[in-house]
*Asks:* 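Let me begin by handing over the structure; questions about it come next.
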Amino acid sequence: MKKGIITKVSGPLVEAINMGDAKVYDVASVSEKGLIGEVIEMRGDRASIQVYEETTGIGPGEEVTSLNRPLSVQLGPGLLGQFYDGIQRPLEKLADLSGAFIDKGVMAPALDQEKKWEFQPIAQVGQELVGGDILGTVQETDIIVHKIMVPPDVSGKLEKIEKGAFTVTEPIAVVGGKPVAMMQEWPVRRARPYDRKIDPVTPLVTGQRVIDSFFPVTKGGTAAIPGPFGSGKTVVQHQLAKWADADVIVYIGCGERGNEMTDVLMEFPEIEDPVTGKPLMSKVVLIANTSNMPVAAREASVYTGVTIAEYYRDMGYSVALMADSTSRWAEAMREMSGRLEEMPGDEGYPAYLSSRVADFYERAGLVKCLGSDDRQGALSIIGAVSPPGGDLSEPVTQSTLRIVKVFWSLDYTLSHARHFPAINWLSSYSLYQDKIDRYMDNEFPGFSQKRKKAMSILQDEEQLQEIVRLVGQDSLSEPDQLKLFTAKSLREDFLQQNAFDEVDTYCSATKQNVMLAVILHLYDEALKALNKGVYLREIAALDVNNAIARMRYVEEEQLAQLEALTDKIDEELGDLIAQREA
């Protein structure tokens, strides 16, 4: 194999000559230590290579070898519950090999090559198969049945299929003359193929009231969470990873602080999946490229994560991918672009920033999977963006907002006031709203009308507060003061949610519907009472207000208590009206 010679080392960028046989995006082995790199530019026989490990101690004259294959991930049973770095090296195994700090050139297979999995065949010998068809299944975890699929580029008659215990590399079938093992390899920069995209209409229920009721995202949708430092992006991402109504979760910590990924590692194994009651890690893949790890690997980490997510989507599962944060990924692109001496775009980011961001988010979607059966899979992508100083006009945020359909605007003022999630209900939006309204109205008749009414009250509050700041609240009419009173209840009793409370951390769609109905019922009935001469101060003093404030701490099994509040509202307001009429 032809060897290249290093001529220049600039941080994570290595230049080498005598690389005429290499291609862009080929993986390269750099120096005698065998550092993993990727060719990102070719000029004649001179290759520019971004190295995914520390290059300290590497110098000109050392050898480089192109491996003549793209950066790929291993896909098969054993992915779930794993903790990988940006190029799919299992961090627990690397820790066993080199200790707390990873040595240069240390490698370990992403999937356990020795563990045997019990394979149950489904396909029959003699059957004509195409790429994506299911050969059989493996019980990967307590929650997920792993479907072994024919690789996308293989088709033909099933000549042989085995049953029993096999490692991921042992052939379990022969299709069209080609042996097929349980493990596939797939290049990370190439989206996995599917039959066609389908218009997504089913909500991805997250258990977060402000999201599910006001700014929902669909299964197969895209969302962005921009916000300044300290506004709660990571907590929102953690909440979505813990409680989102998805079969599989892929969580990418891209350039974030190490202690945040440590929190994930400590918390997730102790959390129960709300649907199955099994440990949450049974359906989670974690990818960590923290801020102190090599910057070039950040660029690979998002592609590694989305490729794993697409693989489970192809099985027919609903997959949710959390990327925290895509700004760090963009910063890695900016650093590599600068070292390549490319013409900079806005704020030094490369000119291709928008197209890279679009390519990433376009890999989301609800799809008809490859294969003969009518199998659908969904991949939802939720990316956090960390604009410097909270400036939403900066390039990464703007490039993201042009692509995604849901915008959860985190507000530092709300977080400073200890209102979490700090999603601003006046500046956020969801372009899936009409579709979700139709779906929710089928599940909970009249839900969309309640949502619109609540949002109207919150919007009116903003205008009324301007008047209050100028001339005081007493200048408002009683109905307008009631509107402020109701908006306060919506904000504090409905939109605010405690991520650290066992009950309030997750709120089902059924409970959200009941809570919203109770608050709006009080508003409607109180308005009638005002017209009959009852004073707002009397309404504000009712005992039922305390019960409404405690609604979020009522467990899901006891929702009858909340439904009974409407009767209590009618009773207490009826007493006030009777006293006034007497």
*Asks:* Is it true that the side chains of Ser386 and Ser325 contain a donor and an acceptor less than 3.5 Å apart?
*Replies:* yes

*Asks:* Does Lys405 NZ have over 12 foreign heavy atoms under 6.0 Å away?
*Replies:* no

*Asks:* Is any side-chain N of the basic residue among Arg69 and Glu185 closer than 4.0 Å to the acidic one's carboxylate O?
*Replies:*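 No, no charged N to carboxylate O under 4.0 Å.
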
*Asks:* So with a 6.0 Å cut-off around CD of Glu92, is the heavy-atom count from everything else above 12?
*Replies:*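 No.
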
*Asks:* Within the side chain of Tyr432, is there an N or O that forms a donor-acceptor pair under 3.5 Å with the backbone of Thr222?
*Replies:* yes

*Asks:* Does Asp359 come within less than 4.0 Å of Arg356, counting only side-chain N to carboxylate O?
*Replies:* no

*Asks:* Using the rule given for ring-ring contact (aromatic ring centres under 6.0 Å, His included), can you reason through Trp408 versus Phe215, listing the C-alpha separation, both sets of side-chain angles and the distance that settles it, and then say yes or no?
*Replies:* CA-CA 7 Å; Trp408 296 322; Phe215 310 108; 8.5 Å; no

*Asks:* Can you say whether the rings of Phe166 and Phe119 are parallel (under 30°), tilted (30 to 60°) or perpendicular (over 60°)?
*Replies:* perpendicular

*Asks:* Counting only heavy atoms not in Lys163 (residues, nucleotides, ligands), do more than 12 fall under 6.0 Å from its NZ?
*Replies:* no

*Asks:* In terms of ring plane angle, is the pair Phe268 and His238 parallel, tilted or perpendicular, where the classes change at 30° and 60°?
*Replies:*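 Geometry flag for His238 against Phe268: perpendicular rings.
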
*Asks:* Taking everything shown except Lys278 itself, do over 12 heavy atoms lie less than 6.0 Å from its NZ?
*Replies:*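 No, the 6.0 Å shell around NZ holds no more than 12 heavy atoms from other groups.
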
*Asks:* Within the distance-only criterion (no hydrogens, no angle test), does the side chain of Asp85 pair as donor or acceptor with the backbone N or O of Arg89 below 3.5 angstrom?
*Replies:*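 At least one qualifying donor-acceptor pair exists.
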
*Asks:* Quick check: does any side chain N or O of Lys147 sit under 3.5 Å from a backbone N or O of Met315, one acting as donor and the other as acceptor?
*Replies:*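 Side chain of Lys147 to backbone of Met315: a pair is present.
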
*Asks:* Can you check whether Tyr352's main-chain N or O pairs, donor with acceptor, with Ser355's side chain at less than 3.5 Å?
*Replies:*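 Pair found, side chain donor or acceptor close to backbone of Tyr352.
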
*Asks:* In sequence, state the C-alpha distance, the side-chain angles, and the governing distance for Arg334 and Glu299, and then conclude on salt bridge (charged side-chain N to carboxylate O under 4.0 Å, His left out).
*Replies:* CA-CA 10 Å; Arg334 178 167 63 182; Glu299 214 253 338; over 6 Å; no

*Asks:* If you take all heavy atoms of Pro12 and Met336, which pair is closest and at what distance?
*Replies:* CG-SD, 3.7 Å

*Asks:* Give the intermediate values and the outcome of side-chain hydrogen bond (donor to acceptor under 3.5 Å, both in side chains) for residues Gln512 and Asp212.
*Replies:* CA-CA 8 Å; Gln512 293 180 40; Asp212 294 342; 3.1 Å; yes

*Asks:* Considering all heavy atoms of both residues, which atom of Glu128 and which atom of Asp133 are nearest to each other, and what is their separation?
*Replies:*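 Closest approach of Glu128 to Asp133: O-OD2, 4.3 Å.
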
*Asks:* For the backbone of Pro77 and the side chain of Lys115, can you confirm whether one donor and one acceptor N or O come within less than 3.5 Å of each other?
*Replies:*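 No.
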
*Asks:* Residues in salt bridge (Lys or Arg N to Asp or Glu O under 4.0 Å) with Glu267, at least two apart?
*Replies:*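 Partners of Glu267 by the salt bridge (Lys or Arg N to Asp or Glu O under 4.0 Å) criterion, ordered by chain and then number, come out as Lys242.
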
*Asks:* Where does the angle between the aromatic ring planes of Trp329 and Tyr303 fall among parallel (under 30°), tilted (30 to 60°) and perpendicular (over 60°)?
*Replies:* perpendicular

*Asks:* Closest heavy-atom contact between Ile403 and Glu362?
*Replies:* CG2-OE2, 4.4 Å

*Asks:* When the ring centroid of Tyr311 is compared with that of His146, is the distance short of 6.0 Å?
*Replies:*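 Yes.
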
*Asks:* Which heavy atom of Glu140 sits nearest a heavy atom of Gly76, and at what distance?
*Replies:*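 So the two residues come closest at OE2-O, 4.3 Å.
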
*Asks:* What's the verdict on salt bridge (charged side-chain N to carboxylate O under 4.0 Å, His left out) for Asp26 and Lys23, showing C-alpha distance, side-chain angles and the deciding distance?
*Replies:* CA-CA 6 Å; Asp26 273 358; Lys23 300 184 292 294; 3.7 Å; yes

*Asks:* Of the non-hydrogen atoms in Ser372 and Val130, which two are nearest, and what is the gap between them?
*Replies:* OG-CG2, 3.8 Å

*Asks:* Any donor-acceptor pair under 3.5 Å linking the side chain of Arg363 with the backbone of Val306?
*Replies:* no

*Asks:* Applying salt bridge (charged side-chain N to carboxylate O under 4.0 Å, His left out), run through Lys435 and Asp199 and close with a yes or a no.
*Replies:* CA-CA 10 Å; Lys435 299 173 187 175; Asp199 193 27; 2.6 Å; yes

*Asks:* Set out, in order, the CA-CA distance, both residues' side-chain angles and the distance that settles side-chain hydrogen bond (donor to acceptor under 3.5 Å, both in side chains) for Ser282 and Asp142, then state yes or no.
*Replies:* CA-CA 7 Å; Ser282 301; Asp142 292 339; 5.1 Å; no

*Asks:* Between Gln239 (side chain) and Thr505 (backbone), is there a donor-acceptor pair under 3.5 Å?
*Replies:* yes

*Asks:* What's the shortest heavy-atom distance between Leu94 and Val106, and which atoms?
*Replies:* CD2-CG1, 3.6 Å

*Asks:* Decide yes or no on salt bridge (charged side-chain N to carboxylate O under 4.0 Å, His left out) for Asp247 and Lys283, but give the supporting numbers first.
*Replies:* CA-CA 7 Å; Asp247 301 312; Lys283 67 173 191 179; over 6 Å; no

*Asks:* Looking only at atom types and distance, does a side-chain atom of Ser428 sit under 3.5 Å from a main-chain N or O of Ser409, one as donor and one as acceptor?
*Replies:*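 Between the backbone of Ser409 and the side chain of Ser428 there is a qualifying donor-acceptor contact (under 3.5 Å).
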
